[in-house]
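As C-alpha cells, the structure follows; a few thoughts come after it.
Note that the structure is predicted; figures quoted are calculated from it, not measured. Both backbone and side-chain heavy atoms feed into the values below; hydrogens, waters and symmetry mates do not.
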Amino acid sequence: TPAAARRNKKRKLPEKQLPDRVAALLPESALYTQLLEFESRVDAALHRKKVDIQEALKSPPALQRTLRIYVFNTFANQAPRTIPPPKNAEPPTWSLKIIGRVLEDGAELDPASVVPKHNPVYPKFSSFFKRVTIALDPSLYPENPLIIWENARSAAPQEGFEVKRKGDKEFSANIRLEMNYNPEKFKLSQPLMEVLGVEVDTRSRVIAALWQYIKAKKLQNPTDPSFFMCDPQLKKVFGEDKLRFAMLSQKISQHLSPPPPINLEHKIKLSGNGAHASACYDVIVDVPFPLQKEMSAFLANTEKHKDIEACDEVISASIKKIHEHRRRRAFFLGFSQSPVEFINALIASQSKDLKLIAGEANRNIERERRADFYNQPWVEDAVIRYLNRKPASGNEGPGGGAGGS
C-alpha cells in the first residue's frame, strides 16, 4: 500500500547517509553528500508544488464558454394516407433531438449549419444540466406525455437527448432544462441584484462581492469593525441601519433562490425536406480550466516512484556494503596494529556477548568456584526454597525419581 511504501521509505532515509568515519576515509564522498542535499531541496520544491496543485483542484478555476443548444426533429414514413392503407407499411414516426456543443472562444457558427462534432476537451452536453423535462401533447400521447431525465440517475454523460415516437400529427413540445452548476449557483433577489449588478452567482462570490461593496463605500464601523453601516441600497436588502459581519451569510439566504430553468418550445414538423430546426439557443456555462486534467495527471504521477524507489533500494544496499567494508577494515586494522591486545579484547567481548545470550550476564563463575560463596546467609534459605518448590510433573523434582534410594 502507499502508506506502507512511505513508511519503508522513511526507514531507508537514514541508510542513505554516509557516516562521518567513512566520509573521513573517502574525501570524494563529499560529492555524494552534496547530491543528497540537492535531492532534499528538489523533494521540498516538488512537495510545495504538489500542495499548491491540490489546493487549486479543491476549488478548480473555470472558464466561461457559450453552450449552443440545437433543437430539431426528423420524421419518417409521413406519406399521404391512402384508402385502403398498403399492407406491411412502416408506421409514421418522428424523432425530437436536443444536442449541445460548447463553442470555442470567439467562434460563431451559422445556426443553419450542421451540428459540429463534440470537442473532447469540454464536458459532454448532459453534464451541464441537473434535469431535462420534455412535455408532449397529452391528447396525442396520453400514456407517457412527460419524459424526465435526471443527472443523478444517469450512468454516463450524453452528447444529447432523443425522443422517438409514432405519430403523423404536428404539435408543440415543451422542453425544460434545469442547469447543473458546480459549485451551486443561486438567483439573486431584485434588491441584491441592484446592489451587486449580477443576476446569478455562487454563494461565496456573492458574499465576497458584498464585502468589496462595503469596503469601496467605506461602510465598516470605525469604532467596532465587526459591524458595517447600511447605505440606502443595503437597507433595502437587509432592512436595518447596521449589521454584524457574522450575520451576513445568514441574512443573504433569504435573497438567494434556485436559478430559473430554461424553457424552450419546439414545433414537431412532419413535412418538408430533412431535419427541421426551430432555433439555436446559447447559454453561458462554466467549463473546467484546460490544465485541470494535466494537473490531476501530475498528482497521479507523483504518487508513482517506481524508478526512484528502485534507485533508493540500490543506494541502501550500497550503503550497507560500505558499512560492512568499514567494519571489516577496522577489524583487520586493529589486529595489525596490536595483535595480542586486540585478541584479548575480542575474547572478552565475545565472552560478554555469550553471557548476555545465555542470560548469565549477572553471574560470576570465578566466585562460584570457591567454597566461601556457598557459606553466605542467603544460601540456606535458597536451598530450602529449592527443595520445597512444586515439581513440574509427578515424578520430577528432588527425591521424586523412580530409582531413588
Side-chain angles (χ1 to χ4, degrees), residues 1-40 43 305 308-405:
T1 61
R6 285 194 294 270
R7 286 197 299 270
N8 292 334
K9 189 174 181 183
K10 287 181 180 178
R11 288 195 210 103
K12 291 173 186 175
L13 281 179
E15 297 177 6
K16 295 172 67 175
Q17 302 288 340
L18 280 175
D20 295 336
R21 295 178 182 178
V22 176
L25 296 172
L26 298 172
E28 59 269 22
S29 65
L31 177 60
Y32 174 74
T33 305
Q34 293 175 8
L35 288 174
L36 284 180
E37 294 174 355
F38 182 74
E39 181 189 27
S40 66
D43 287 342
H305 298 295
I308 297 176
E309 288 176 0
C311 291
D312 285 343
E313 292 282 351
V314 175
I315 291 172
S316 298
S318 301
I319 294 292
K320 288 180 181 178
K321 289 182 180 179
I322 290 173
H323 278 285
E324 182 63 29
H325 284 296
R326 185 193 63 79
R327 285 192 293 266
R328 292 178 62 187
R329 179 183 181 278
F331 181 89
F332 289 117
L333 191 61
F335 179 75
S336 65
Q337 291 174 351
S338 53
V340 177
E341 290 82 357
F342 182 82
I343 291 297
N344 289 335
L346 179 64
I347 291 173
S349 175
Q350 293 293 316
S351 176
K352 185 178 179 181
D353 292 342
L354 285 172
K355 287 181 180 180
L356 287 173
I357 293 172
E360 299 176 351
N362 295 327
R363 292 182 61 187
N364 191 331
I365 298 176
E366 185 62 29
R367 286 190 62 198
E368 293 178 7
R369 288 176 64 245
R370 303 182 183 279
D372 56 359
F373 177 79
Y374 299 97
N375 293 328
Q376 299 181 55
W378 59 268
V379 173
E380 184 179 354
D381 183 60
V383 171
I384 293 173
R385 288 175 178 271
Y386 175 75
L387 293 174
N388 291 334
R389 70 180 182 178
K390 288 185 178 181
S393 59
N395 293 328
E396 293 181 0
S405 54

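Taken from CD1 in I319 to CG in D312, the straight-line distance is 11.0 Å, to the nearest 0.5 Å.
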In residues 328-348, what donor-acceptor pairs under 3.5 Å come from side-chain atoms, sequence neighbours left out?
from, atom 1, to, atom 2, distance (Å)
S336, OG, F332, O, 3.4
S336, OG, L333, O, 2.8
N344, ND2, V340, O, 3.4

Could you list the donor-acceptor pairs under 3.5 angstrom formed by side chains in residues 372-382, with sequence neighbours left out?
from, atom 1, to, atom 2, distance (Å)
Y374, OH, E368, O, 3.3
Q376, OE1, W378, NE1, 3.1
Q376, NE2, F373, O, 3.0
D381, OD2, R385, NE, 3.1

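Between L35 and E39 there is no side-chain heavy-atom pair separated by less than 4.5 Å.
The side-chain hydrogen bond (donor to acceptor under 3.5 Å, both in side chains) search around E324 returns R327, not counting sequence neighbours.
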